[in-house]
Protein chains: 2
Amino acid sequence: MEYQEAKDKFISTWGSLGTLWGINKAMAQIQSLLFISTKPLSMEDIMEELKISRGNTSMNLRQLMDWGIVTKELIPGERKEFFTTEKDVQELARHIAKERSRREIKPVIKILKDVSSIKDDGTAKTKELIKQTKALHDLAETADTMMNKIVNQEQNWITKSLLKLIK
Amino acid sequence: MEYQEAKDKFISTWGSLGTLWGINKAMAQIQSLLFISTKPLSMEDIMEELKISRGNTSMNLRQLMDWGIVTKELIPGERKEFFTTEKDVQELARHIAKERSRREIKPVIKILKDVSSIKDDGTAKTKELIKQTKALHDLAETADTMMNKIVNQEQNWITKSLLKLIK
DNA sequence: ATAAACTTTCAATAATTATTGAAAGTTTAG
DNA sequence: CTAAACTTTCAATAATTATTGAAAGTTTAT
């Protein structure tokens with residue numbers, strides 16, 4: 001496999017994987033492109049490489065900046081803006097996990113808590129609803145906490161021993 | 001909040017969360033409905049409750065069975081088929097994690113491995129591609145392994161001590 | 001101040017994905 | 001065997017989501 005083929009494969013794979021971590025195709029592809037680029041890229045560069053429109057590029061770059069994984073880079077002497085992505089995978093994972101937790105998981109946990117807190121009127125169906133949503137609430141909260149803790153930790157002793165334990 | 005409202009809220013929330021674990025709305029809603037039901041439901045029951053067509057119900061039930069989280073239940077004396085979902089949240093999480101790993105994460109890891117194994121021709125861009133996809137590969141593999149280990153474990157001493165450590 | 005260089009916005013459109021419903025298929029009771 | 005009861009399939013359609021491109025907006029150099 002040659003460079004160009006490998007690059008295209010990486011970008012399209014990572015792009016389609018985007019849905020797995022909750023972002024759309026173009027967004028994921030822009031991030032991939034920046035991730036393997038050796039230098040900051042301009043909007044023009046990105047449009048050109050991915051064959052997408054200016055508007056699409058602009059909107060998706062903004063979203064990536066909202067997620068905190070892409071930043072503007074000012075290049076002295078250049079009029080236009082250049083972009084880079086977080087290059088460290090640990091840091092990248094941290095940002096993504098944090099955003100997903102905040103945007104999607106936490107709100108769901110809140111609703112599960114509300115639903116599982118309804119008044120028990122003694123009927124079987126109410127008891128079942130309470131029991132099951134409570135179980136789901138506890139699971140979601142544990143999973144969310146674990147994910148954040150694991151991903152937020154620098155590679156300190158806790159993480160290292162964790163990895164040893166379960167790998 | 002009354003039973004009916006709580007129930008509707010749960011089903012629609014869990015339904016829209018479906019995308020987070022990679023399944024579509026109808027599929028997630030059917031699963032939710034079964035999850036809080038005190039008895040197995042027929043296709044008719046599900047159509048009625050969720051106001052969706054027979055075809056849609058049939059297809060999504062099949063997918064849920066493919067995922068291993070819904071099973072057919074034969075009720076003596078009844079002609080039609082009844083359905084139940086896995087009621088234990090741990091077991092549910094196990095099934096979902098296993099399927100997602102198999103269907104989406106493992107194939108991506110494979111591609112990352114391939115891409116990161118291309119021949120180093122000495123150019124900066126090739127070196128960067130190899131370095132970054134390798135880092136991503138290692139991260140994805142670690143995350144996948146951790147997820148599966150955590151979720152597959154019964155609540156044994158390892159899991160318990162893990163939870164104590166990081167909670 | 002103004003014009004060129006660049007970015008953002010957003011209504012229109014395209015592409016994708018989900019849903020329907022009726023015909024075809026299957027199973028079971030008599 | 002065959003008719004009723006039920007399930008599955010799939011082409012048509014609806015709903016949703018992504019993308020375009022051109023007009024409006026902004027910034028900077030002179």
Side-chain angles (χ1 to χ4, degrees), chain A residues 11-34 40-67 70-85 103-104, chain B residues 11-34 40-67 70-84 100 103-104:
Chain A
I11 291 173
S12 77
T13 303
W14 206 237
S16 64
L17 186 70
T19 54
L20 202 147
W21 44 289
I23 69 174
N24 74 33
K25 207 180 80 189
M27 215 174 137
Q29 290 188 337
I30 293 171
Q31 198 277 330
S32 320
L33 183 61
L34 294 173
L41 300 180
S42 69
M43 227 163 76
E44 214 70 41
D45 294 336
I46 296 167
M47 290 166 58
E48 163 76 12
E49 282 262 15
L50 302 178
K51 308 275 183 267
I52 60 179
S53 72
R54 188 174 298 282
N56 201 2
T57 309
S58 171
M59 284 172 126
N60 284 108
L61 274 171
R62 175 128 68 87
Q63 283 204 76
L64 284 164
M65 288 187 282
D66 286 350
W67 273 71
V70 162
T71 45
K72 274 186 189 162
E73 191 96 348
L74 290 184
I75 295 195
E78 285 277 10
R79 181 78 172 271
K80 56 188 158 202
E81 298 173 323
F82 286 77
F83 301 89
T84 43
T85 189
R103 294 171 191 226
E104 301 178 83
Chain B
I11 290 174
S12 76
T13 304
W14 206 237
S16 64
L17 187 70
T19 56
L20 204 146
W21 43 291
I23 69 174
N24 75 32
K25 208 180 80 191
M27 214 174 139
Q29 290 187 338
I30 294 171
Q31 198 276 331
S32 320
L33 183 61
L34 294 173
L41 301 179
S42 69
M43 226 163 77
E44 215 70 43
D45 295 335
I46 295 168
M47 290 165 59
E48 163 75 13
E49 283 263 15
L50 302 179
K51 308 273 183 268
I52 59 179
S53 72
R54 188 174 297 283
N56 201 4
T57 308
S58 171
M59 285 172 124
N60 285 110
L61 274 171
R62 177 130 65 86
Q63 283 204 76
L64 284 164
M65 288 187 281
D66 286 349
W67 273 71
V70 161
T71 45
K72 273 186 191 164
E73 191 97 347
L74 290 185
I75 296 193
E78 284 278 11
R79 180 77 173 272
K80 56 186 158 204
E81 298 173 322
F82 287 77
F83 301 89
T84 42
R100 289 217 85 184
R103 293 172 192 226
E104 301 178 85

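As the structure is a prediction and not an experimental result, all values here were calculated from the model. In what follows, chains are A, B, ... by sequence order, proteins preceding strands, each numbered from 1.
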key: Atom-to-atom span, CD1 of A:I46 to P of C:dC6 - whole angstrom   = 15 Å

task = Take the protein atom CD of A:E48 and the nucleotide atom C1' of C:dC6, then report the distance between them rounded to whole Å.
result = 17 Å

Under the salt bridge (Lys or Arg N to Asp or Glu O under 4.0 Å) test, residues paired with B:E78 that sit two or more places apart = none

side-chain contact (heavy atoms from CB on, under 4.5 Å) partners for A:R79, two or more places apart = none

request  = List the steps and the verdict of side-chain contact (heavy atoms from CB on, under 4.5 Å) for A:W14 and A:Q29.
outcome  = CA-CA 7 Å; A:W14 206 237; A:Q29 290 188 337; over 6 Å; no

ask   = Considering only heavy atoms from C-beta outward, does the side chain of B:R62 approach that of B:W67 to under 4.5 Å?
value = no

request  = Just do the side-chain contact (heavy atoms from CB on, under 4.5 Å) check on B:L61 and B:F83 with the steps written out, would you?
outcome  = CA-CA 8 Å; B:L61 274 171; B:F83 301 89; 3.5 Å; yes

query = A:M47 CE to D:dT20 P: how many Å, rounded?
reply = 9 Å

query = Just wondering, do A:T85 and A:V70 contact through their side chains at under 4.5 Å, heavy atoms?
reply = yes

request  = Scan for salt bridge (Lys or Arg N to Asp or Glu O under 4.0 Å) pairs involving residues 16-31 of chain B, sequence neighbours excluded, and state none if there are none.
outcome  = none

request  = Could you state the atom-to-atom distance from CD of A:E44 to P of D:dG21 in whole Å?
outcome  = 14 Å

Interface polar pairs with nucleotides 15-17 of chain D, N/O, under 3.5 angstrom:
none

inquiry  = The test is side-chain contact (heavy atoms from CB on, under 4.5 Å); show your working for A:Q63 and A:N24 and say whether it passes.
reply    = CA-CA 10 Å; A:Q63 283 204 76; A:N24 74 33; 4.2 Å; yes

Please set out all donor-acceptor pairs under 3.5 angstrom arising from side-chain atoms of residues 47-55 of chain A, sequence neighbours excluded.
residue : atom : partner : partner atom : Å
A:E49   : OE1  : A:K7    : NZ           : 3.3
A:E49   : OE2  : A:K7    : NZ           : 3.0
A:K51   : NZ   : A:E48   : O            : 3.1
A:S53   : OG   : A:N56   : N            : 3.2
A:R54   : NH2  : A:E44   : OE1          : 3.3
A:R54   : NH2  : A:E44   : OE2          : 3.2

ask   = In whole angstroms, how far is the P atom of D:dT7 from the CD atom of B:E73?
value = 15 Å

request  = Counting Watson-Crick and G-U wobble pairs whose two distances are both under 3.5 Å, find the runs of 3 or more in a row that involve DNA chain D.
outcome  = C:1-30 with D:1-30

Identify the pairs formed between an N or O of the protein and an N or O of nucleotides 9-11 of chain C at a distance under 3.5 Å, and give each distance.
residue : atom : partner : partner atom : Å
C:dT9   : OP2  : A:R62   : NH2          : 2.0

ask   = How close or far is atom P of D:dA18 from atom CD1 of A:I52, stated in whole angstroms?
value = 13 Å

What protein N or O atoms touch nucleotides 26-30 of chain C N or O atoms at under 3.5 angstrom, if any, and at what distances?
residue : atom : partner : partner atom : Å
C:dT27  : O2   : B:R79   : NH2          : 3.0
C:dT28  : O2   : B:R79   : NH2          : 3.4

query = Under the side chain to side chain donor-acceptor pair (under 3.5 Å) test, which residues partner B:K72, sequence neighbours left out?
reply = B:E81

message = According to salt bridge (Lys or Arg N to Asp or Glu O under 4.0 Å), who are the partners of A:R103, at least two apart in sequence or on a separate chain?
response = A:E99

query = Looking at residues at least two apart in the chain, or sitting in another chain, which of them share a side-chain contact (heavy atoms from CB on, under 4.5 Å) with A:S58?
reply = A:M43

Salt bridge (Lys or Arg N to Asp or Glu O under 4.0 Å) against B:E73, all qualifying residues, sequence neighbours excluded = none

query = In whole angstrom, what separates B:L61's CG from C:dT19's C1'?
reply = 15 Å

query = Taking atom P of C:dT19 as reference, at what distance in whole Å does atom CG of B:L50 sit?
reply = 11 Å

